[in-house]
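Residue numbers begin at 1 in each chain, while the letters A, B, ... track the order of the sequences.
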Number of protein chains: 2
Amino acid sequence: MDVTPPKNDLPTLEDVAKAARVSTATVSRCLNSPDRVSESTKQRVMEAVRELKYSPNFGARALAAKRTNTYGAVIPTMDNAIFARGLQAFQQVLVDNGATMLVASSAYDPEIEENQIKTLISRGADALLLIGTDRDPGIHEFLEERGLPVVIAWACTTEATLSCVGFDNVEATRQLALKALDLGHHDIAFLSAFTRTNDRARNRVIGARKALQERGIDPSSMPVVETKYSIRSAREAFGTLVRRSPRPTLVMCGNDVLAAGAVQAARDMGLDVPGDISITGFDDIELATVISPALTTVHVPHRKMGRLAAEVLLDQVRHNASPRHVTLDTHIVERASLGPAP
Amino acid sequence: MDVTPPKNDLPTLEDVAKAARVSTATVSRCLNSPDRVSESTKQRVMEAVRELKYSPNFGARALAAKRTNTYGAVIPTMDNAIFARGLQAFQQVLVDNGATMLVASSAYDPEIEENQIKTLISRGADALLLIGTDRDPGIHEFLEERGLPVVIAWACTTEATLSCVGFDNVEATRQLALKALDLGHHDIAFLSAFTRTNDRARNRVIGARKALQERGIDPSSMPVVETKYSIRSAREAFGTLVRRSPRPTLVMCGNDVLAAGAVQAARDMGLDVPGDISITGFDDIELATVISPALTTVHVPHRKMGRLAAEVLLDQVRHNASPRHVTLDTHIVERASLGPAP
DNA sequence: TAATTTAGTGTAAGCGCTTACATTTTTTTA
DNA sequence: TAAAAAAATGTAAGCGCTTACACTAAATTA
């Protein structure tokens, strides 16, 4: 086993140099700073490059030049519309600027995340995109020591050495809860994603509690159920929440996928949404408009976040800019799933 | 501009060697074939590795060892649940086998795709995952010359030098159309993704035409509208399709996202689905179950495809296995959006 | 005990590129 | 036309790693 594949050797800089009858330095210059080479030799070299289908060896280049033009991103999973969407935008900006993106996913596991971060670094990433703030502080120190620009996305941080492009998860949920309280909901339950290693999820629960507190309701009285990121799991979890007494008049969900599951479960139980029970989401992904009733949710500018994250990083790497802390606005999108308390 | 960031130098193999008072070769062996080193030195070395937070330089390693344990994937876009899902599975298998995935997206543009392929190769990808068969044949030749294992996913190919893990887009759509014809639909319209550089989309239209032909209907009479992959665009496109006379009794959609847009548009126009008009999808993503009426669609095992693609590639790289052609089964999922013709 | 193996390490030659510096050629200026 | 400046090119020293080969020390065998 572990037989090396019969990979033909790729042509090297030297091959091109020979073919074009110049030195390797000249070929290298043709590729990296074409304006420092005369028009005639440039043509000859480019011809040879085409002829041989030459493509520079990345490892060698990185080794010699000590920069890679590569930006790493470690996300929990691609199988989640919000990250997929954000990353696509992130990559777009990078490609437009002649850079390359490297992605790795951590499956929400801090240990895997740490490994992936190291992998990306050893691959020469010039900068890193990380999701949220929940990780061993040692990692941030480590990254700072290395002088590696890092942007935290989907959350905000006050750490001065880190950039962030995010939004206030606590505040956004608080506002939504406040709106619900104004509609007369007192028995609110929360259907959350797992919070243990997920600051976004945790902060959303906190935001809801905060709103309750402000209105004189004991925040610890709010039932919270945590479940997996899937419609199916949300359906089950919704059941346990609804069976409580008094039955909640509103189930706030940590994201739209959970909310979609909740809506389906409610329908299956013969409950009218929002007549009998209200449901809210978070994120405003496509799902939110497709399900009926359409979800009242918090709109998060995922694409914009990805785009900005790339720009911030490019700025730090290319222009030595300082870390930036960008807090994007979110807003409540009122659709049909939140109504007055029955 | 273009100032180099103040990146501190990472520790090198040599630093570790010095700290552990051994040669660089020994350190290298500790990392790559630990059983060839005595227990005591191994401990000393590992201690030094930890101490210095050493992580090997990937470029240098690739350069010296001529393999990277890296698998590249070029997909149209991550912002499409089917690819996101498949890729996540693909990566999972790779990580479980100690390999790394590199992703790049092409935005459905053949030229960008070609560039991305080259980028991945120059980064030392040991193998490549590509979507579909639509590309300059020269690229396949080029990859073959290099002896680079390649797997085509989401479609099948008969090219002997390429592996594929896909399904029969023509046949799947044909079956679905046949079922609709049996339900009495004669005026069928097709809402498709852009077909110009997308064999999957094209083959789905072909499958529908084939079914019509078999039942004695002129396949060229079927109206086809192509549109962007988004609910919004599908809504508009649906309008132009429905305004035709005779009004189609069924609009087959090239994928579930388009179908979701179609269903919404129909509802907005006061048309009952499937009472007044039937709609079908393709892919069976979550959306299909969430929208009402739930979509009758073709189930495609996206995750399984990603998983298998990784396994096929690993086999070729690690065990020198021959290319494999895997055709996965799809099946029609009957839900509510397809009914008898009115 | 001497002669072989075997296990554990070290030495040093690249891998394919970039780039500081040296050299040659061309252009400009006096 | 000669000298100086500018432009184009070449030379060669690494970048951080792996690995063939050489070597030493310990374990085995006769």
Side-chain angles (χ1 to χ4, degrees), chain A residues 2 4 7-46 48-49 52-70 118-119 121-124 126 146, chain B residues 2 4 7-46 48-49 52-70 119 121-124 146:
Chain A
D2 277 49
T4 320
K7 194 186 295 194
N8 298 339
D9 279 339
L10 295 161
T12 70
L13 236 212
E14 206 180 332
D15 296 331
V16 176
K18 265 186 202 137
R21 277 164 317 105
V22 294
S23 73
T24 60
T26 299
V27 179
S28 175
R29 277 188 286 253
C30 273
L31 268 30
N32 298 304
S33 32
D35 38 309
R36 309 187 35 144
V37 176
S38 77
E39 196 56 38
S40 58
T41 45
K42 202 187 311 182
Q43 288 196 358
R44 203 144 34 89
V45 170
M46 285 323 206
V49 166
L52 296 169
K53 298 188 183 171
Y54 169 75
S55 167
N57 177 308
F58 174 80
R61 173 177 273 186
L63 195 54
K66 291 173 169 295
R67 53 184 158 60
T68 60
N69 231 332
T70 291
K118 286 204 176 141
T119 301
I121 291 181
S122 75
R123 276 173 178 271
D126 289 340
R146 297 284 174 249
Chain B
D2 277 47
T4 320
K7 195 186 289 188
N8 298 339
D9 280 339
L10 295 160
T12 70
L13 236 212
E14 204 179 334
D15 297 331
V16 177
K18 264 184 202 140
R21 275 162 321 103
V22 293
S23 72
T24 60
T26 300
V27 179
S28 175
R29 277 188 286 254
C30 274
L31 268 30
N32 299 304
S33 33
D35 39 309
R36 308 187 36 149
V37 176
S38 80
E39 196 55 39
S40 58
T41 45
K42 202 188 310 183
Q43 288 196 359
R44 205 146 31 90
V45 169
M46 287 322 206
V49 165
L52 297 169
K53 298 188 183 172
Y54 169 76
S55 167
N57 177 308
F58 173 81
R61 173 175 276 185
L63 195 54
K66 293 174 169 296
R67 52 182 159 61
T68 60
N69 232 331
T70 291
T119 301
I121 291 181
S122 75
R123 276 173 179 271
R146 299 282 174 253

Between C/dT19 atom P and A/Arg36 atom CZ, what is the distance in whole Å? 10 Å
Residues passing the side-chain hydrogen bond (donor to acceptor under 3.5 Å, both in side chains) test with A/Ser33, sequence neighbours excluded, are none
So if I take every side-chain heavy atom of A/Arg61 and compare against C/dT18, D/dT9, C/dG16, which nucleotide ends up nearest? C/dT18
Nearest 0.5 angstrom please: B/Thr24 OG1 to B/Arg29 CZ, how far? 8.5 Å
Less than 4.5 Å apart, any side-chain heavy atom of A/Leu10 and any of A/Asn57? no
Rounded off to whole Å, could you give me the CD-to-P distance for the B/Glu14 and C/dG10 pair? 13 Å
Does the side chain of A/Ser23 get closer than 4.0 angstrom to OP1 or OP2 of D/dT11 through an N or O atom? no
Could you state the CG-C1' distance from A/Leu63 to D/dA13, rounded to the nearest angstrom? 13 Å
So does A/Arg67 get a side-chain nitrogen or oxygen closer than 4.0 Å to the phosphate oxygens (OP1/OP2) of C/dT19? yes
How is A/Tyr54 classified with respect to the nucleic acid when contacts are heavy atoms under 4.0 Å: base, sugar-phosphate, or nothing? sugar-phosphate
How sharply is the helix from C/dT1-D/dA30 to C/dA30-D/dT1 bent, taking the axes over five pairs at either end and rounding to 10 degrees? 30°
Result for 5'-nearest mapping on DNA chain C, choosing between B/Val22 and A/Pro11, is B/Val22
Under the side chain to side chain contact (heavy atoms under 4.5 Å, CB included) test against A/Val16, which residue among A/Val49, A/Val22, A/Thr26 passes? A/Val49
Can you check the B/Leu13 CG to D/dC15 C1' distance for me, whole Å? 13 Å
To the nearest angstrom, the CG-C1' distance between B/Leu10 and D/dC15 comes to 13 Å
Atom CZ of A/Phe58 to atom P of D/dG16: distance rounded to whole Å? 15 Å
Name the residue closer to the 5' end of DNA chain C, choosing between B/Ala60 and B/Ser38 according to the nucleotide with the nearest heavy atom. B/Ser38
Is there a side-chain polar atom (N or O) of B/Ser28 under 4.0 Å from OP1 or OP2 of D/dT18? yes
Atom pairs under 3.5 Å, N or O on each side, protein against nucleotides 22-27 of chain C: can you list them with distances?
none

Of the listed nucleotides (D/dA8, D/dT18, C/dG10), which one gets closest to any side-chain atom of B/Ala65? D/dT18
Shortest non-hydrogen separation from A/Ala20 to A/Ala48 and the atoms involved: CB-CB, 4.1 Å
With a 4.0 Å cutoff (strictly under), does any side-chain N or O of B/Asn32 reach OP1 or OP2 of D/dT18? yes
Do A/Val27 and A/Met46 pass the side chain to side chain contact (heavy atoms under 4.5 Å, CB included) test, and can you show the C-alpha distance, the side-chain angles, and the key distance before you say yes or no? CA-CA 9 Å; A/Val27 179; A/Met46 285 323 206; over 6 Å; no
Give a yes/no answer on whether the side chain of A/Lys66 brings an N or O atom under 4.0 Å of OP1 or OP2 in D/dG14. no
Taking the nucleotide of DNA chain D with the closest heavy atom to each, which residue, B/Arg29 or B/Asn57, is nearer the 5' end? B/Asn57
Can you check whether B/Arg21 reaches B/Arg44 side chain to side chain, under 4.5 Å on heavy atoms? yes
Separation of atom CZ in B/Arg123 from atom P in C/dC15, rounded to whole Å: 23 Å
Does OP1 or OP2 of C/dG16 have a side-chain N or O of A/Thr24 closer than 4.0 Å? no
Using OP1 and OP2 only, check whether a side-chain N or O of B/Thr26 sits under 4.0 Å from C/dG10. yes
Closer to the 5' end of DNA chain D via nearest nucleotide, is it A/Lys42 or B/Ser55? A/Lys42
Distance check, rounded to the nearest 0.5 Å: A/Tyr54 atom OH versus A/Glu14 atom CD? 11.0 Å
Minimal non-hydrogen separation, B/Ser122 against A/Pro56, with atom names: CB-O, 2.8 Å
Spacing of A/Asp15 atom CG relative to C/dC15 atom P, expressed in whole Å: 11 Å
Got A/Arg61 and A/Asn32 here, is their nearest side-chain heavy-atom distance under 4.5 Å? yes
Side-chain heavy atoms of B/Phe58 within contact of A/Thr68, under 4.5 Å: no
